[in-house]
Amino acid sequence: MTKRVLRFCLFWHAMSGSRGDVIKAFAEDFNKTNKHGITVKPEFTGSYAETVTKALAAYKTGKPPHIVQVYEVGTQTMRDSKAIIPIHTLNRGDVDFGDVVQPIVKYYSVGGQVVCMPFNSSTAMLYYNKDIFKKAGLDPNKPPTTFDEVYDYGKKIVTSGSAKGGISFGWPAWIFEQMYGTHNQLFANQDNGRSGLANEVYINNAFGVKVLTEWQKWSKDKVLVYGGREYDANAPFLAGEFAMLVQSTSSLGGIQNSAKGKFEIGTTFLPRMPGYPTGNTVVGGGCLWVMKGRSDAENLAAWEFLKHVNKLDNQITWHKKTGYFPATNVAVQSLMNEGWFAKEPNYLTAFMEILVGVDTPAGRGVLLGNFVEIRDVVGAAIEEAVVNMKDPKTVLDAAQSKTNQVLKDYAEVNK
Amino acid sequence: MQTRFPNKILPYLLLSPSVIVVLIFFVVPSAQSIYASFFRSNISGTRQIFVGLRNFEQLFTTSEYLNSLQVTLLFALFVVVVGLSLSLFIAMVANQRLRGFTIYRTLLIWPYALSPNIAGTIWALMLEPTIGMATNAINTLGLHFDWRGNATHALLFIALAATWKMLGYNIIFFLAGIQGLPTEILEAGSVDGANAWTKFWKITFPLLSPTTFFLLIMNTLYAFFEGFGLIHVTTNGGPGYATDLLVYKLYRDGFIAMNTGFASAQSVVLLFIVASLTLLQFRYAGRRVFYGA
């Protein structure tokens with residue numbers, strides 16, 4: 001008789017709605033089929049920010065979840081929390097991380113070692129309403145590729161009355177980071193916080209000011225419609241209030257479904273400004289972390305579930321139902337073979353976008369201590385500029401000094 | 001009137017549940033907050049550095065906190081003044097003996113029964129800047145209301161929603177107050193030839209002062225503490241820092257930024273503000289309140 005061990009695994013995540021349903025289905029399937037008698041219990045614990053906080057609070061009280069989903073902004077925080085088990089230490093050769101899509105595995109690697117299971121990865125891209133483009137006399141198969149084109153097209157759309165606005169953003173602070181990535185500009189020192197803990201950000205440099213000045217110009221001329229800090233811009237985009245939307249690729253499933261029968265959706269890479277080198281759009285979304293504070297047996301149970309999520313079929317289902325990237329190369333290949341990308345070109349856009357980029361420290365994305373707070377500061381700064389019309393340089397200077405203070409305080413206590 | 005308990009232990013036993021509740025949910029957390037406000041701790045809370053009064057110093061030297069204070073005061077002023085006047089007016093109307101008014105009176109409490117998050121969601125949907133039904137109605141009047149794209153509108157939006165949510169509560173208390181007024185005084189007023197306006201200002205309003213005073217305190221506390229859910233589902237404190245009420249800032253610093261010490265310092269200040277506000281009201285307004293013979 002083997003000793004009976006607790007094979008129960010708590011999984012906290014931040015996926016509501018249909019995404020949460022997919023997770024529930026994964027867990028149910030796993031509970032029925034796994035040979036170890038493991039029961040995984042997924043629980044929706046609120047927004048990304050709330051989930052991180054709750055998990056760390058639970059760790060303090062000694063009852064952390066076994067697995068927690070943390071968005072990319074929380075990566076440095078999780079690493080420094082000392083409350084996690086880097087998953088490469090659980091891997092006994094049963095998962096080949098070399099098979100994980102490169103930009104994704106690079107984002108979540110530290111010193112060449114994967115620290116969490118890449119799960120829901122996304123990036124940002126431009127969505128546009130082809131019907132509005134046609135109405136405005138624009139070629140629906142020629143979406144804008146530069147900042148100037150976005151502005152010109154937007155003006156045309158607004159003045160022709162085809163829609164009330166030109167463009168809107170989801171997660172503006174993240175899009176601001178994306179701009180640094182695609183134009184190959186470092187967002188913070190220490191190679192974006194990857195060769196050491198960053199203690200200075202470059203948000204108020206000439207590049208940052210230029211981006212925000214452009215956005216402010218768009219906003220002044222009613223080309224940019226400010227759409228809130230997360231997903232609020234999706235609904236008016238679907239209602240045809242404006243023609244273009246910069247949003248996470250993870251919204252693709254939802255947007256395509258809602259637009260079906262109403263208008264045609266086009267997608268393309270993020271617009272760029274001329275005169276800057278090519279970098280890459282930054283991987284966002286979330287990763288699954290195993291937390292410390294539970295028995296070895298339970299940690300292994302968590303690992304079994306992570307392997308289940310990483311399986312080919314589940315990767316494919318996850319991608320098709322949500323729009324998040326399939327995390328593994330085999331899943332991508334299988335999707336290609338079945339002709340999925342040919343049938344669904346919009347799903348290909350996102351994928352091509354991260355693959356055609358250049359792998360540089362700036363393009364790999366930034367790791368910052370207390371990034372959640374920093375993004376909040378940047379989000380407010382963007383609002384000050386594009387909504388309250390304050391001077392971009394002044395706004396970014398203030399955000400810069402606040403952010404550096406945050407980094408300093410963070411470094412002081414998290415050594 | 002005093003009742004003497006024959007048993008010496010019984011009164012303490014009867015009091016103990018509420019004392020225990022206050023201890024667990026108020027005294028202990030408050031003490032912990034005060035303690036935590038002198039420290040700065042790391043994310044997992046395993047390391048704490050004593051920083052003395054630096055957290056408090058940081059509060060009053062950062063423009064965000066001062067801005068937050070100002071926004072909260074404006075918000076509270078609106079909620080109290082507009083909320084109380086409007087509810088008193090509605091209560092006066094609802095007090096008329098008209099057909100079907102019992103139903104209306106019952107319905108008036110509904111907004112209060114909603115959770116702040118639900119109220120926020122309803123308002124956010126109705127007044128969604130681009131596709132909201134109410135927004136479209138306002139736009140047809142030639143006005144433009146956009147709480148996402150205009151800082152002043154955002155604060156007004158939050159204040160209106162908060163006021164609306166508290167209306168039912170205020171009306172019920174005002175109604176009860178009005179119905180409890182001695183009718184003979186009002187009749188005497190009528191006999192003396194006072195019109196409705198004079199009767200209201202000279203008789204009803206002064207006689208209602210205990211109710212008004214009570215509601216003043218309740219609404220101020222509400223404005224200081226309960227705006228959270230509303231903001232959380234609508235503006236997130238934005239645009240910029242336009243609707244960054246003290247409670248919301250506290251939440252962001254404590255739970256988003258995980259800056260426990262700094263957030264604790266804020267909660268201590270908040271506690272102090274509300275306590276002194278209540279004291280002030282009692283001392284100043286208490287003298288003017290007419291509690292009847």
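So that the names make sense, note that chain A is the first sequence line, chain B the second, and so on, each numbered from 1.
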Of the backbone (N, CA, C, O) and the side chain (C-beta and beyond), which part of [X] lies under 4.5 Å from a heavy atom of chain B, both, or neither?
{"X": "A/Tyr226", "result": "both"}
{"X": "A/Ala57", "result": "neither"}
{"X": "A/Asn414", "result": "both"}
{"X": "A/Asp80", "result": "both"}
{"X": "A/Tyr410", "result": "side chain"}

Keeping to residues at least two apart or across chains, list the salt bridge (Lys or Arg N to Asp or Glu O under 4.0 Å) pairs with something in residues 391-414 of chain A.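 The answer is A/Lys393-A/Asp397, A/Lys402-B/Glu64, A/Asp409-B/Arg40, A/Glu412-B/Arg40, A/Glu412-B/Arg54.
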Side chain, backbone, both or neither: which part of B/His232 has an atom under 4.5 Å from a heavy atom of chain A?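 Answer is side chain: those atoms of B/His232 sit under 4.5 Å from chain A.
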Measuring heavy-atom distances to chain A, does B/Glu128 have an atom under 4.5 Å in its side chain, in its backbone, in both, or in neither?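 Answer is side chain: those atoms of B/Glu128 sit under 4.5 Å from chain A.
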Do any of [range] come closer than 4.5 Å to chain A, heavy atom to heavy atom, and if so which ones, in number order?
{"range": "residues 239-254 of chain B", "value": "B/Pro239, B/Gly240, B/Tyr241, B/Tyr251, B/Arg252, B/Asp253"}
{"range": "residues 112-127 of chain B", "value": "none"}
{"range": "residues 138-151 of chain B", "value": "B/Arg148, B/Gly149, B/Asn150, B/Ala151"}

Are B/Met258 and A/Val52 close enough, and set up right, to give a side chain to side chain contact (heavy atoms under 4.5 Å, CB included), and what steps lead you there? CA-CA 10 Å; B/Met258 293 188 246; A/Val52 187; 3.9 Å; yes
When you measure from the side chain of A/Thr53 to the backbone of B/Ile256, do you find a donor-acceptor pair of N or O atoms at a distance under 3.5 Å?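 Not a single qualifying donor-acceptor pair exists.
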Could you tell me if the side chain of A/Lys82 sits less than 4.5 Å from the side chain of B/Asn42, heavy atoms only?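 They are not in contact (no side-chain heavy atoms under 4.5 Å apart), so the answer is no.
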Reported CG-to-CG distance for the pair A/Asp232 and B/Asn236, which is rounded to 0.5 angstrom: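 Reported value, rounded in 0.5 Å steps: 7.5 Å.
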Between B/Gly237, B/Ser41, B/Pro129, which has the largest tally of heavy atom pairs under 4.5 Å with chain A?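 Highest number of pairs under 4.5 Å: B/Ser41.
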